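Structure, as structure tokens:
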Amino acid sequence: MSKKIEGFSKLSKAEKINWITQMHFEDAPKAKEILSTYNHNDEKVQKRHDEFIENSIANFYLPLGVAPNFVINGKEYTIPMAIEESSVVAAACKSAKFWASRGGFKTQILGTQKIGQIHFLFDGKTELLQSFFKQKKQLLIDSTSSLTSNMRQRGGGILEIELKDKSDLIEDYYQLHLSFETVDSMGANFINSCLEQIAKTFQSLAADHDNFLKEQLSIEVIMSILSNYVPQCLVQAEVRCPLGKLEVSSEMSGIQFAQKFIRSLEIAQKEPYRAVTHNKGIMNGVDAVVIATGNDFRAVEAGVHAYAAREGVYSSLSHAFLEGDEFVFQLKLPLSLGTVGGLTQLHPLVKWSMELLGNPNAKNLMEIVAVAGLAQNFAAVRSLITSGIQKGHMKMHLLNILNQHQATVDQKEKALEFFKTHTVTFSAVSDFIKSNP
Ligand code: MEV
């Protein structure tokens, strides 16, 4: 039987669930029951979630954890983290505590500019286009005045429009390259609305432009869209401490630790295979906070990795070095985040997370997210160059393995005790369950 369907989105939620479970599952009632377990009891809350997307049939849960003891620019924070990976929150907590007693994290906003582009084709002389653009630039900006008025009142708006000649890349290809300040909103809708309006005005002004009419020239807009590459919307997070205070274990002095740490970062700078994993560790922290605060983690991921490759080779986002007798560890991240609009007022847990963070503005949130990334990176590299990653990771993963074995409460308690002093592996846990029925 064909599994194609017309008009699926028009079915009610119950009808969708009936169709999907009957068509795709051997045990339809069981499949239905799983979905209903992941629906909220409160109809209003469930409706709110259903309305976020099309064809919603259940909620997909991630644990929301919290990492206390962060000190950022002298202020204390407990950071919310939505993530499924067992060891991430524990690692964040460990780093937070370590650095809280060494001056905490310091941050700096290096820029807040966002970018949008109108990509178009023009088959005339570049000079003609340049003079047309110069004449009409203000009209283009003015055509967005009703769209930008609220944003301008909040201190944002369109910062600049440039004409860029890209005809060396593709024949007749040009761009209007715009920079924006979107204050506390991520700004995707604002930017895209402005771009579409400007593209429209640009095309219609071109259609009436004498010099173009004479030569039968026209502008063909291909697309208008923001860029998720935001190298000028940048934040830096840093920790530093004297080498004497850097002793992380009795087996390694502060200077030995610092040297090995710096070496491992040099490797991540030069070697893309390592850089990707190194940066993945940073994103463990970044994404968890970005998700908990209702921001667009796909946009952040895309922008961050492009930034990591900005010099032509994919490289580490963080750097470590010695400054006198101080160890310094820094992370620069392009982050386009919002604390108003989007999910921030709609998702109850996002609202909750924002309140936990003291209702930050977008700049504060950039700082917090960068700190979460740096903390996570410190914890990972620290483990890698000392005990190895598996010891801590598998300890945190123990409950998952026990759950895979459907361990009872009693078995779990005994196993947690036993594995305090034994190495956690999948087979060691299997053996333990067998010998403790
Ligand atoms: C695992 O999720 C992240 C790490 O691989 C990061 C790293 O290697 O730096 C531990």
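Residue numbers run from 1 in the order of the sequence given. Counting starts at 1 for both ligands and their atoms, in listed order. Just so it is clear, the structure is predicted and the values come from calculations on it, not from any experiment.
Rounding to the nearest 0.5 angstrom, the gap separating the CD1 atom in Ile57 from the CG atom in Leu35 is 5.0 Å.
Applying the side chain to side chain contact (heavy atoms under 4.5 Å, CB included) criterion to Pro231, with sequence neighbours excluded, gives Tyr229, Tyr307. Listed by chain and number, the residues in a side chain to side chain contact (heavy atoms under 4.5 Å, CB included) with Thr107 are Ile72, Asn73, Ala237, Glu367, Val371 (sequence neighbours excluded).
A heavy-atom cutoff of 4.0 Å around ligand 1 is satisfied by the protein residues Glu85, Arg274, Thr277, His278, Lys280, Gly281, Asn284, Ala380, Leu384, Ile389.
Of the N and O atoms on the side chains of Gln46 and Asn41, not one donor lies less than 3.5 Å from an acceptor on the other residue.
Dense packing is recorded around CD of Glu247, with more than 12 heavy atoms of other residues, nucleotides or ligands lying under 6.0 Å away.
Counting only residues at least two apart or in different chains, side chain to side chain donor-acceptor pair (under 3.5 Å) contacts with residues 22-31 are absent.
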